[in-house]
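Down below is the structure, laid out as structure tokens.
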Amino acid sequence: MTCYYFEKIFNNATILFMRLDKMLANSGYGTRSEVRKLITRGLVCINGEVCKDAGQNVGDTDTVELDGAKCSSKEHLYFKFDKPDGVLTAMEDKRLPTIADFIPASLMTKKLSPVGRLDYHTTGLLIITNDGELSHRLTSPKYKIPKTYQITFEGQKITDDMVNTFAEGFTLDDMDTPVKLAPSTLVPVDDNHCLLTIKEGKTHQVRRMMAKFNRSVVELRRVSIGDIKVPEQKEGELIEMPSSEIEYLLKATGITK
Ligand code: URA
């Protein structure tokens, strides 16, 4: 996979570098292909010099201008992470391991946070970013981004009735306030495994949905968010998202066209 940023140490200060096209796209100046066209047209200057090389690396201390106007780098960063069991989806905790333990020190100033929550014992895909708008939209039911979970459960095998009830939507009434759920897709795999795709994220939603039908979740793993799949064989590693995936997420949530 391409490495989009890297760091160098000058006079004991760590400077984060990134490709020019990536930096401009991340900062909201267009998609990668749109900003490449602007660069090729000679509209972009780095420290006062025209730069037509989209792959030129720019650092925190460089001044980038587009058509004469200084570009403010929002420096959005996007990562995928396969959360291990026994890790809190939080950036700090006094007692328990958190996902922050897996984030390199050089990125700790970047205001990264997880998109949504996985329970302490749930494993699988978490998106970690400092793009607050994307984070909000990915978790809001309004944008209907599907999240798919692989479930190992105890109890009777899944019935057709259960599949149909999930497809229609039902109400969870196990807490003080009843929660009406949107339709979801339940796919039996074998007698004690199934896949469930939901487009919202109520507290402990999957475990509660299964419990309502007397199935107890013994293992829960999120395998995808929209088209983004959990990285294979990379548990506990922070993986930079390729720009194709970032562009997909920005489009799927209506941030870009
Ligand atoms: N639903 C749950 O019950 N737990 C999770 O971690 C995610 C979805």
Side-chain angles (χ1 to χ4, degrees), residues 79-93 95-102 112-129 134-156 158 162-163 165-189 192-231 234-238 249 252-253:
F79 298 94
K80 297 183 278 192
F81 181 66
D82 180 357
K83 184 183 100 54
D85 186 5
V87 174
L88 275 184
T89 309
M91 293 304 282
E92 62 173 299
D93 189 80
R95 293 176 307 119
L96 297 169
T98 70
I99 58 163
D101 301 336
F102 299 85
L112 293 170
S113 52
V115 175
R117 294 266 173 279
L118 291 178
D119 297 339
Y120 185 68
H121 285 301
T122 303
T123 63
L125 181 60
L126 261 184
I127 291 172
I128 298 178
T129 181
L134 178 70
S135 187
H136 162 72
R137 293 187 185 209
L138 283 176
T139 45
S140 162
K142 183 172 160 198
Y143 296 94
K144 297 190 169 64
I145 304 297
K147 286 116 192 158
T148 299
Y149 294 85
Q150 195 175 283
I151 305 169
T152 308
F153 63 92
E154 278 171 359
Q156 302 285 306
I158 307 276
M162 194 170 159
V163 170
T165 309
F166 275 51
E168 281 160 15
F170 58 93
T171 300
L172 282 177
D173 41 21
D174 55 345
M175 289 188 173
D176 291 348
T177 320
V179 181
K180 173 114 186 56
L181 298 178
S184 58
T185 308
L186 182 62
V187 179
V189 175
N192 61 336
H193 293 93
C194 60
L195 290 169
L196 175 60
T197 303
I198 57 177
K199 294 184 178 170
E200 53 198 341
K202 314 286 182 212
T203 311
H204 309 309
Q205 183 170 337
V206 173
R207 292 174 203 274
R208 291 166 65 201
M209 289 171 83
M210 296 297 284
K212 167 136 187 166
F213 294 84
N214 299 317
R215 271 73 170 182
S216 156
V217 171
V218 289
E219 271 179 27
L220 186 56
R221 178 165 175 74
R222 182 154 66 191
V223 290
S224 62
I225 298 176
D227 289 357
I228 312 298
K229 307 271 181 275
V230 64
K234 303 269 188 207
E235 190 188 66
E237 279 181 51
L238 202 61
L249 287 174
T253 51

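Indexing begins at 1, ligand by ligand and atom by atom, following the structure's order.
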Residue contacts for ligand 1, heavy atom to ligand atom, distance under 4.0 Å: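 These residues qualify: L118, D119, T122, Y149, H204, Q205, V206, R207, L220.
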Minimal non-hydrogen separation, [X] against [Y], with atom names:
{"X": "P97", "Y": "G86", "result": "CG-O, 3.4 Å"}
{"X": "F102", "Y": "L238", "result": "O-CB, 4.3 Å"}
{"X": "G226", "Y": "I145", "result": "N-CG2, 4.0 Å"}

R215: partners by side chain to side chain donor-acceptor pair (under 3.5 Å), with sequence neighbours left out: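 Testing R215 for side chain to side chain donor-acceptor pair (under 3.5 Å), a comparison that skips the adjacent residues, returns none.
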According to salt bridge (charged side-chain N to carboxylate O under 4.0 Å, His left out), who are the partners of D227, at least two apart in sequence or on a separate chain?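 Salt bridge (charged side-chain N to carboxylate O under 4.0 Å, His left out) check on D227 returns nothing, list empty.
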Name each donor-acceptor pair under 3.5 Å that joins a side chain in residues 165-179 to protein atoms two or more places apart or in another chain, with its distance.
from, atom 1, to, atom 2, distance (Å)
T165, OG1, D161, O, 2.7
D174, OD1, R208, NE, 3.3
D174, OD1, R208, NH2, 2.9
D174, OD2, R208, NE, 2.9

